[in-house]
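Naming: A, B, ... by sequence-line order, numbering from 1 per chain.
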Amino acid sequence: MKIHSSSKLPREFYTREVLEVAPELLGKYLVKENGKKTFKGKIVEVEAYDGRIDQAAHTFTGRTPRNEIMFGEGGYFYVYFTYGAHYCCNIVTGKSGEGTAVLIRAVEPVEGIEEMVLNRYKKRSAAGNKELYNLTSGPGKVCQAFGIDKRDYGLDLTGDVVYLLDNRQIPGEKIAATQRIGVTRSAELLWRFYIKDNPFISKR
DNA sequence: TACTAGATCGGCT
DNA sequence: GCCGATCTAGTAG
């Protein structure tokens, strides 16, 4: 029996306003069960997207097959493919019809690190410090390391494949809010949140 | 350290 | 056709 294991976040955690959920995701654990392997990382950097007012959100211009899951209620996994090479994963938030989600931009590797190294660098030897910090420090890197792709689109985060584990909340003074990375529209919004001084974030 | 370009392809105009 | 919620390798300073 695991006495100290933290619990899976319930539906109610996700169905709140995206700007309330986003900073609270910091410090929580992202877990992917892959049949035999378990990938686990502490979330250290996120970005909020809100199709109601945010031109950078995929849901801003209305429903399409790709963004359908993001228009559903919170607690589902939105995975998309971009730049012809990378997958990025999001935590859908809010109520049905809103079109809000939080992009997971970086995590701190906790479990399954050897498998992450294999997925990222195609090699089996242990990672050096430089490689370790480069393992999951970006949205495309997180998905590659965890083996997340379009097959994970739409997964229920209260299920057993991909889910989040609770952890004590990061205090506000340890959270930084900045402009989002790589967006051109609605660039003024300070909707990127990360844990200050964490070495696994994508960019300082 | 800082900037630039190339890869590469699905989604949407 | 165009462009992107990216990453990496390359060059210049």
(request) Give every residue pair that meets the salt bridge (charged side-chain N to carboxylate O under 4.0 Å, His left out) criterion with at least one member in residues 123-134 of chain A, sequence neighbours excluded. (result) A:Lys123-A:Glu131
(message) Whether A:Arg16 engages the ring of A:Phe13 as a cation-pi pair (distance to the six-membered ring centre under 6.0 angstrom, angle to the ring normal within 45°) should be assessed.
(response) yes
(request) Return yes if some donor-acceptor pair links the side-chain N/O of A:Asn90 with the main-chain N/O of A:Ala101 below 3.5 Å, else return no. (result) no
(message) Can a side-chain donor-acceptor contact be found between A:Lys42 and A:Asn167 if the only test is distance below 3.5 angstrom?
(response) no
(message) Under 4.5 Å between side-chain heavy atoms, counting indirect links through other Ile/Leu/Val/Met/Phe/Trp/Tyr residues: same cluster for A:Leu118 and A:Ile113 or not?
(response) no
(request) Give a yes/no on whether any side-chain N or O of A:His58 is located under 4.0 angstrom from OP1 or OP2 of B:dG11. (result) no
(message) According to ring-ring contact (aromatic ring centres under 6.0 Å, His included), who are the partners of A:Phe60, at least two apart in sequence or on a separate chain?
(response) none
(message) Going by centres under 5.5 angstrom and planes under 30 degrees, do the aromatic ring of A:Tyr49 and the base ring of C:dA5 stack?
(response) yes
(request) Using a cut-off of strictly less than 4.0 Å between a heavy atom of the residue and any atom of DNA chain B, enumerate the qualifying residues of residues 62-80 of chain A by number. (result) A:Thr64, A:Arg66
(request) Just need the stems in DNA chain B: three or more back-to-back Watson-Crick or G-U pairs, each with both distances under 3.5 angstrom, sorted by first number. (result) B:1-7 with C:6-12, B:9-12 with C:1-4
(message) Just to be sure I understand the geometry, which residues of residues 87-112 of chain A put a non-hydrogen atom under 4.0 Å away from DNA chain B?
(response) none
(message) Under the rule for ring-ring contact (aromatic ring centres under 6.0 Å, His included), what residues qualify as partners of A:Phe39, not counting sequence neighbours?
(response) A:Phe146
(message) Without decimals, in angstroms, what is the distance between A:Gln55 CD and C:dC3 P?
(response) 16 Å
(message) One thing to verify: whether A:Glu73 and A:Lys95 come together as a salt bridge, which I'm taking to mean a side-chain N less than 4.0 angstrom from a carboxylate O.
(response) no
(request) Could you work out the complete set of other residues in the hydrophobic cluster of A:Leu165, with links drawn between I, L, V, M, F, W and Y side chains under 4.5 Å apart? (result) A:Tyr29, A:Val31, A:Val110, A:Tyr163
(request) Could you tell me the separation between the CD atom of A:Glu47 and the C1' atom of C:dT6, rounded to a whole number of Å? (result) 12 Å
Sort me out a list of protein N/O and nucleotides 8-12 of chain C N/O pairs below 3.5 Å, or just none if empty.
residue: C:dT8; atom: OP1; partner: A:Arg120; partner atom: NH1; Å: 2.9
residue: C:dT8; atom: OP1; partner: A:Arg120; partner atom: NH2; Å: 2.9

(message) A side-chain contact here means heavy atoms from C-beta on lying under 4.5 Å apart; do A:Val21 and A:Thr100 qualify?
(response) no
What's touching nucleotides 1-8 of chain B from the protein side, N or O pairs under 3.5 Å?
residue: B:dT8; atom: O2; partner: A:Tyr83; partner atom: O; Å: 2.5

(message) For A:Lys203, give me all partners under side chain to side chain contact (heavy atoms under 4.5 Å, CB included), at least two apart in sequence or on another chain.
(response) A:Ile181, A:Arg192
(request) Give the rounded distance in Å between these two atoms: CD1 of A:Ile181 and P of C:dT6. (result) 8 Å
(message) Please report the distance, rounded to the nearest Å, between CZ in A:Phe60 and C1' in B:dG11.
(response) 17 Å
(message) Suppose clustering is done on Ile, Leu, Val, Met, Phe, Trp and Tyr with side-chain heavy atoms closer than 4.5 Å. Which residues sit in the same group as A:Tyr49?
(response) A:Ile69, A:Met70, A:Tyr76, A:Tyr78, A:Tyr80, A:Val92, A:Leu103, A:Tyr153, A:Val183
(message) I'd like to know if A:Asp160 and A:Lys8 make a salt bridge, using a cut-off of under 4.0 Å between side-chain N and carboxylate O.
(response) yes
(message) Without decimals, in angstroms, what is the distance between A:Ile201 CD1 and C:dA5 P?
(response) 21 Å
(request) List in chain and number order the residues that pass ring-ring contact (aromatic ring centres under 6.0 Å, His included) with A:Phe71, two or more places apart in sequence or in another chain; answer none if no residue qualifies. (result) none
(message) If we ignore hydrogens and angles and just use 3.5 Å, is the side chain of A:Thr93 paired with the main-chain N or O of A:Tyr14 as donor and acceptor?
(response) no
(message) Quick test of your reading of the model: are A:Glu115 and A:Lys37 salt-bridged, counting only N-O distances below 4.0 Å?
(response) yes
(request) Nearest whole angstrom, please: distance from the P of C:dA5 to the CZ of A:Phe193. (result) 18 Å
